Structure formats: structure tokens, C-alpha cells
Protein chains: 2
Amino acid sequence: MSEAHDVLFRTLADPTRRALFERLCREGERTVGALTERAGVSQPVVSKHLGLLKQAGLVRDRHQGRHTYYSAQLGALAPLVDWTSEMAGFWQSRFDDLEDLLKRMDQ
Amino acid sequence: MSEAHDVLFRTLADPTRRALFERLCREGERTVGALTERAGVSQPVVSKHLGLLKQAGLVRDRHQGRHTYYSAQLGALAPLVDWTSEMAGFWQSRFDDLEDLLKRMDQ
DNA sequence: TCAATCCATAGCCAACCAGGTATGAGTCCG
DNA sequence: CGGACTCATACCTGGTTGGCTATGGATTGA
């Protein structure tokens, strides 16, 4: 029941968390401290969100001294794209069925 | 802050709600009663979820006698596709920047 | 008209979770 | 070594919400 896109929807549903992921996509690799600035929430909260993003495969971390650099893993969005494509596909096939039906009725 | 894709992520994050939308995509127009079967939850819960899906623009309803028919509005997924494309675009442009940098360094 | 059916709303409750503060582990520098 | 800094974890709490039952409005059919 719970497939690959489930964790993505659940993880990206939170605005704060999604904003962090967006910043990593826009700005590239960043430290926790840099992300905390203008995040609107405290540093521990940022860390927790980054942990969930990492658990979802949306980001990866790299330790260097005192700093932890996070970066977006864009490939992780694939199941999301697949899901939307699948939904569109169902819709399209039903549309095709209707067209077929109309075409057969036309004869 | 809260843009078009926000409500979509929030609405589709719930598994039960997403399953209802999926069924409407796969099977086409259905009544509340038909959706309640094999939904795993009670009818009022199904009605509430359908209400939220409607509020998000993901489904539309049509009343006919005692029945209410719901159907998927696939176009509503567009902001989701746009968002993923935008994220991919940022990633790609940063990759291009890196390539440019490497190219210039190579000279 | 009266019973049955379909659906939505209201009210309630338990579970989840995003936010905070406190704190500790690890690292750099003087 | 000692202090400052970076980050993660632990713990608590208030708000949100997904589930339920109860109920009522609307419609159909006998």
C-alpha cells in the first residue's frame, strides 16, 4: 500500500520542510547554519526537518569539521513524476476509450 | 508563501485521500457509495475526504437524485508538475554553471 | 404518505507532529 | 587545555487532523 511516492508526498507536505528542499535546489549545497537563517524556525527544528528529508532520500549530507553540508538529491523526485504520469495515463486511456466508443458509435 | 502546489501536497499527503483520487483517475466517475466500498473507512470519512479533494480542485461533483458523482480533475495536477520541473530546472542550471566553470578552467 | 436509501454535517476523541528549550557530542582556535 | 562554535538528540506541549458515531436533509419507491 505504502509505495515510493507515499513518503515523498508526506515529507513534502510540510511548508517549512519543502522550503528547505527548495532552497537546496536553488542554492545548492548549504550548511545547517546557513539554512537556519531565514528559515523562520530554530536550528533544532531545521535539523529535524533535514533528517526527515534525508530519510526520504530527498537530500544527502556531508560532514566536514564542525559543519554538515546538505544538498538536494533531485533523482528522488522520480517516483513523484511517475505517479503523476500514471494518473495522467489512466485519465488519457479512459479518454481514448471514450473516443473509441464514440468512433464505433459513429459508424 | 502558500502557492498553488501547497494545497496539492497537503491534500495528497494523506494515503486514504490519495487512494480515493487514484480510484477516480483509474475508474472514472463514481458515487460516494461506490467509493466507500473497499475504502477501508466509513462513509462520512469518505465524504469529508472528497470535500477536501474538491476544495483542492482535484475532483468535481455532480448531483443526480440521491447520488453524488465525483470525478477526477486531472488538470489540477499541473502546479505539481510545474513545481517538480522548476526544481529540476534549478538543479540543471547549477549543473550547467558547474560545467561552464569546468570548461573555462580547462582553457 | 411512509419507509428506505444516499449523502453531508456536527460533535467528539486519540494520535500525530511541528514547534520550542535544554543539553550533549564533536570540532576548531587561542 | 579551555572556550566558542556547529549540529543533533531528548523531551515536552499545543494545535491539527483523521477516524468514529449520531443525525438530519434530500430523494426515491412502494
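Just so we're clear, the structure is a prediction, and the values are computed from it rather than from any experiment. Protein chains get the first letters and strands the later ones, always in sequence-line order, with residue 1 at the start of each.
Separating the CZ atom of B/Arg30 from the P atom of C/dC6 is a distance of 16 Å, rounded to the nearest angstrom. Atom P of nucleotide D/dC7 and atom CG of A/Leu35 are separated by 9 Å, given to the nearest angstrom. For the pair A/Lys48 NZ and C/dC17 P, the interatomic distance rounds to 10 Å; values are reported in whole Å. B/Arg17 places its CZ atom 8 Å from the P atom of D/dG19, with the value rounded to the nearest Å. Distance A/Glu37 CD to D/dC5 P: 14 Å, rounded to the nearest Å. Here D/dG24 presents its C1' atom at 12 Å from CD of B/Gln43, a figure rounded to the nearest Å. Protein atom CZ of A/Arg10 is 16 Å distant from nucleotide atom P of D/dT17, rounded to whole Å. D/dC7 atom P lies 13 Å from atom CG of A/Leu20, rounded to whole Å.
The residue B/Val41 sits close only to the backbone: its heavy atoms come under 4.0 Å of sugar-phosphate atoms, none of a base. When heavy atoms are screened at a 4.0 angstrom cut-off, A/Ser47 is found touching base atoms of the nucleic acid. Here B/Val45 lies in heavy-atom contact (under 4.0 Å) with a base.
Residue whose closest nucleotide on DNA chain C sits further toward the 5' end, between A/His49 and B/Leu50: B/Leu50. The residue among A/Gly40 and A/Gln64 whose nearest nucleotide of DNA chain C lies closer to the 5′ end is A/Gly40.
Contact annotation: A/Thr31 does not reach the phosphate of D/dT6 (side-chain N/O to OP1 or OP2, under 4.0 Å). Applying the 4.0 Å criterion to OP1 and OP2 of C/dG20, one finds that A/Ser42 has a side-chain N or O inside that range. Applying the 4.0 Å criterion to OP1 and OP2 of C/dA8, one finds that B/Tyr70 has a side-chain N or O inside that range. Regarding contacts with the backbone of C/dT27, every side-chain N or O of A/His67 stays at 4.0 angstrom or more from both OP1 and OP2.
The CD atom of A/Glu27 sits 10.5 Å away from atom CD of A/Glu22, with the distance rounded to the nearest 0.5 Å. One distance of note links CG of A/Leu35 with OH of A/Tyr69; it measures 11.5 Å at 0.5 Å rounding. Rounding to the nearest 0.5 angstrom, the gap separating the CD atom in A/Glu86 from the CZ atom in B/Arg26 is 5.5 Å.
Ring geometry for B/Trp83 against A/Phe21 counts as tilted: the plane angle lies between 30° and 60°, on a 0 to 90° scale.
No more than 12 heavy atoms of other residues, nucleotides or ligands lie within 6.0 Å of CD in A/Gln55, so this atom counts as exposed by the packing criterion.
Closest to the side chain of A/Arg66, out of C/dA22, D/dT6, D/dC20, is D/dT6.
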